[in-house]
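Heavy-atom basis, side chains included; hydrogens, waters and symmetry copies ignored. Just so it is clear, the model here is predicted, and its values are computed rather than measured.
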There are 2 protein chains.
Amino acid sequence: MVSTPVSITARCPIRTTLELVGGKWRLLILHQLRGGALRFGELRRLLPDISEKMLVQELRHLTDAGLLVRHNFGEVPPRVEYELTEAGRFALPLVEAVASFGQQYQRAVVSHERPDLTQA
Amino acid sequence: MVSTPVSITARCPIRTTLELVGGKWRLLILHQLRGGALRFGELRRLLPDISEKMLVQELRHLTDAGLLVRHNFGEVPPRVEYELTEAGRFALPLVEAVASFGQQYQRAVVSHERPDLTQA
DNA sequence: ACCATTTCTTACCTGTAAGTCAGTACCTGC
DNA sequence: GCAGGTACTGACTTACAGGTAAGAAATGGT
């Protein structure tokens, strides 16, 4: 053993977050689940323009990441629910921050035509 | 005038934010500029694995969005600085939230192998 | 017998994000 | 007089996010 090969990578936390919840849909899914568990079909109705394929795929990603739990009731026709885990609920303040920044920016853009954001 | 055609779109604030600062690089750029203006070359050095093309492109996007100002000193060799605007500084808490969530998640992942995040 | 419902898979395709690389213009230092 | 730094631009290419559409499996209703 010549040198110490411990975790060279020293992951950037911003990149970590982007890998977890980056992309077009994940924050929106987490946001919809803020109030409690939802069935697959309910999520699809709440996110009108997501394709089924993407919804399945993103739900699976979030579940693998430990932010969601999947409840399969084993019934037929299928009945499945998704719910935030403890870690998932931990992401809610982040979702809130994203939403609130978007709101402020929108307001600033309608009042002036270039964002100012000086006044809350 | 039969109906009132005012702004059907009612933009989702989360989507707005994603369009503004979504993607692989924009949050990282904003983060680097948190302490004040930086030259193009300094940013390139601070973000080792961004390509010059992407850096130019993303700086331009953020400038067009009103989050950055570009200072061209008109010297030769070229000397250009980028700085957060008021609106850009408004995004810093968001960047912080993203970074801190990533940190918590990382810590949770190293201790258990599935994120828990119960203990701060 | 047939159709609808529900969650999910699979194959295929498109568009855009991102990367590579070369070149430009002007000056300084050697 | 040529290499080197500086902030770009543009052409070309690759990778991947995302969309479309079809179908599977099991059951209940008519």
State, with a plain yes or no, whether a side-chain heavy atom of B/L55 is found less than 4.5 Å away from one of B/I29. yes
Which part of the nucleic acid, if any, lies within contact of B/Y82, taking any heavy atom under 4.0 Å across all strands shown: a base, the sugar-phosphate backbone alone, or nothing? sugar-phosphate
B/R39 CZ to D/dG5 C1': how many Å, rounded? 10 Å
Would you mind reporting whether A/Y105 and B/L20 have side-chain heavy atoms less than 4.5 Å apart? yes
For B/R60, answer base if it contacts any base atom (sugar-phosphate contacts may also be present), sugar-phosphate if it contacts only those atoms, and nothing otherwise; contact means non-hydrogen atoms under 4.0 Å. nothing
Is any NZ, NE, NH1 or NH2 atom of the basic residue among A/K24 and B/E19 found under 4.0 Å from an Asp or Glu carboxylate oxygen of the other? no
Applied to residues 73-84 of chain B, the side chain to side chain donor-acceptor pair (under 3.5 Å) test, sequence neighbours excluded, yields none
Mind calculating the distance between CG (A/L43) and P (C/dT6) to the nearest angstrom? 14 Å
Report yes if the side chains of B/F73 and B/V80 come closer than 4.5 Å at any heavy-atom pair, otherwise no. no
B/S/- along nucleotides 14-23 of chain C (protein heavy atoms under 4.0 Å) is ----BBB---
D/dT6 P sits how many Å from B/N72 CG, rounded? 15 Å
Rounded to whole Å, how long is the line connecting atom CG of A/L47 with atom P of D/dG18? 13 Å
A/L55 CG to C/dT7 P: how many Å, rounded? 10 Å
List the atom pairs, donor and acceptor, that lie under 3.5 Å between side-chain atoms in residues 32-45 of chain A and the rest of the protein, sequence neighbours left out.
from  : atom 1 : to    : atom 2 : distance (Å)
A/R34 : NH1    : A/H31 : O      : 2.7
A/R39 : NH2    : A/P78 : O      : 3.4
A/E42 : OE1    : A/R39 : N      : 2.7
A/R44 : NH1    : A/E52 : OE2    : 2.6

Starting at CG of A/L59 and ending at P of C/dT6, how long is that distance when rounded to a whole Å? 17 Å
Per-nucleotide protein contact along nucleotides 25-30 of chain C, 5' to 3', at a 4.0 Å heavy-atom cut-off (B base, S sugar-phosphate only, - neither), is -SS---
Could you tell me how far apart B/E75 (CD) and D/dT6 (C1') are, to the nearest whole angstrom? 11 Å
Ignoring backbone atoms, test whether B/R79 places a side-chain nitrogen or oxygen under 4.0 Å from the OP1 or OP2 oxygen of D/dA7. no
Would you mind writing out the side-chain donor-acceptor pairs for residues 88-103 of chain B within the sub-3.5 Å range, not counting sequence neighbours?
from  : atom 1 : to    : atom 2 : distance (Å)
B/R89 : NH1    : B/E86 : OE1    : 3.3

Any side-chain to backbone donor/acceptor pair from A/T85 onto A/L67? Under 3.5 Å, distance only. yes
Which residues pass the side chain to side chain contact (heavy atoms under 4.5 Å, CB included) test with B/K53, sequence neighbours left out? B/S51, B/Q57
Check the distance between D/dC16's P and A/E19's CD and give it to me in whole angstrom. 13 Å
